[in-house]
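I have placed the structure first, in the form of structure tokens, so that the comments after it can refer back to it.
Computed over heavy atoms, backbone and side chain alike; hydrogens, waters and symmetry mates excluded. Heads up: numbering here begins at 1 and tracks the sequence. Values in this document were obtained by computation on a predicted structure and should not be read as measured data.
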Amino acid sequence: MRLYAVVAASGFRRYATYRIATFAGIFTNTVFGFILAYTYVALWDERPGLGGYDQAQALTYVWLGQALLMTCAVMGGSFQDELIERIRTGDVAIDLYRPVDFQLWWLAGDLGRAAFHLLGRGVVPVVFGAVAFDLALPSDPLVWPAFLLSVLLAVVVSFAIRFLVALSAFWLLDGAGVVQMAMLVGLFFSGQLLPLTLFPGALGTLARALPWSSMLQVPADVLLGKHTGWGLVQAYAFQAGWAAALLALGRLLQGVATRRVVVQGG
């Protein structure tokens, strides 16, 4: 496990080197946060309590969305693009022959990336939001570690989805189409556009049951105190269940792809 800890630390340092990109990202997240926040203010002025949130909770949801957008890579990117390119060029064969777990290697690097984005691009926009608006941030200090655990599970679910998207390149060669579809689905069903509690009827039930809801909706509700006691355990189980299922599917497809590479290489 020490090796994967080193890989995670390397992933953190790798993204920390892009200082200008980080500042640009903070600026972008903050600007879009203000745009969305004022939109939510207008909407909640007309419909107080919409989706089960008061205005302060809705605004908190907005800024958490900006904090987790890059942390959970809701729009894709990060290792996914690199892995697709390595599959396209055939360099992935070298990765598969290394004496390390292929999936864990990429997961460790992505956890390092996520940790940097949470600290580097997540905290500052939320601070700006807290200064400009009345946010419903928890006063109970125990809520924060509960939230961070939910974020960790969210990142693992996000990784598992992006890993599957990247593996599609073994069969499609050009994974651009799958990447675009995954980005659109992720934005819609994660709750980045609107809280999933606003989705009506069967659509709302489906959206909350899909794995993308783990990326924002569940962590946000944990911070907002919507999940407590047994409900919190169920929220963790939901995220962990999707993470385990998607990682297992990724490992299965990885095995199929590895055999294909070995056969072609032989």
- [ ] Determine the interplanar angle of the F238 and W242 rings, folded into 0 to 90°, and report it as parallel if under 30°, tilted if 30 to 60°, perpendicular if over 60°.
- [x]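 F238 and W242: perpendicular rings.
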Open item on the list: Testing the basics here: between A16 and F116, what is the closest heavy-atom pair and its distance to 0.1 Å?
Closed with: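 Heavy atoms of A16 and F116 come nearest at CA-CE1, 3.5 Å.
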At what distance, to the nearest 0.5 angstrom, does [atom1] of [X] lie from [atom2] of [Y]?
| X | Y | atom1 | atom2 | result |
| --- | --- | --- | --- | --- |
| L203 | L196 | CG | CG | 9.0 Å |
| I87 | W171 | CD1 | CH2 | 8.5 Å |
| W44 | L59 | CH2 | CG | 8.5 Å |
| H117 | M70 | NE2 | CE | 4.0 Å |
| L107 | F79 | CG | CZ | 8.5 Å |
| L216 | Q192 | CG | CD | 5.0 Å |

Run the side-chain donor-acceptor check on residues 131-140: report pairs under 3.5 Å with partners two or more places apart or on a different chain.
residue	atom	partner	partner atom	Å
D140	OD1	L142	N	3.0

Open item on the list: Looking only at the aromatic ring of each residue, does the gap between the centers of F34 and F128 stay below 6.0 angstrom?
Closed with: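 No, ring centres 6.0 Å or more apart.
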Open item on the list: Please tell me whether S190 and Q217 have a donor and an acceptor in their side chains that are separated by less than 3.5 angstrom.
Closed with: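 Short answer, no.
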Task: Residue pair T17 / R13, side-chain donor-acceptor N/O under 3.5 Å - done: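 T17 vs R13: no donor-acceptor pair found between side chains.
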For the pair [X] (side chain) and [Y] (backbone), establish whether a donor and an acceptor sit closer than 3.5 Å, ignoring hydrogens and angles.
| X | Y | answer |
| --- | --- | --- |
| S150 | A146 | no |
| Y61 | G191 | yes |
| K226 | G52 | yes |
| T39 | I35 | yes |
| T228 | G225 | no |
| Y4 | G109 | no |
| R14 | G112 | no |
| Q239 | V157 | no |
| Q57 | D54 | yes |

Task: Sequence-distant partners of F147, ring-ring contact (aromatic ring centres under 6.0 Å, His included), two or more places apart - done: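 Per chain and number, F147 pairs via ring-ring contact (aromatic ring centres under 6.0 Å, His included) with no residue.
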Open item on the list: Around atom CZ of F32, are there more than 12 heavy atoms from other residues, nucleotides or ligands closer than 6.0 Å?
Closed with: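 Result for CZ/F32: open.
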Open item on the list: Evaluate T22 against R121 for side chain to side chain contact (heavy atoms under 4.5 Å, CB included), listing each step before the verdict.
Closed with: CA-CA 7 Å; T22 299; R121 289 185 58 169; 4.2 Å; yes
TODO: Decide yes or no on salt bridge (Lys or Arg N to Asp or Glu O under 4.0 Å) for D81 and R162, but give the supporting numbers first.
DONE: CA-CA 9 Å; D81 297 336; R162 287 176 287 128; over 6 Å; no
Any side-chain heavy-atom pair from [X] and [Y] closer than 4.5 angstrom?
| X | Y | value |
| --- | --- | --- |
| L152 | L148 | no |
| M215 | I161 | yes |
| M75 | L69 | yes |
| Q254 | F163 | yes |

TODO: Run the salt-bridge test on D221 and R208 with the 4.0 Å N-O cut-off and return the result as yes or no.
DONE: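 No, D221 and R208 are not salt-bridged.
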Open item on the list: Do the side chains of R88 and E82 get close enough for a salt bridge, i.e. N-O under 4.0 angstrom?
Closed with: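 Between E82 and R88 there is no salt bridge, as every charged N stays at least 4.0 Å from the carboxylate O atoms.
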TODO: Quick one: do L104 and V100 satisfy side chain to side chain contact (heavy atoms under 4.5 Å, CB included)? Show the steps, please.
DONE: CA-CA 8 Å; L104 282 178; V100 296; over 6 Å; no
Task: Intermediate values then yes/no, side chain to side chain contact (heavy atoms under 4.5 Å, CB included), L36 and Q66 - done: CA-CA 10 Å; L36 287 173; Q66 295 306 301; 3.5 Å; yes
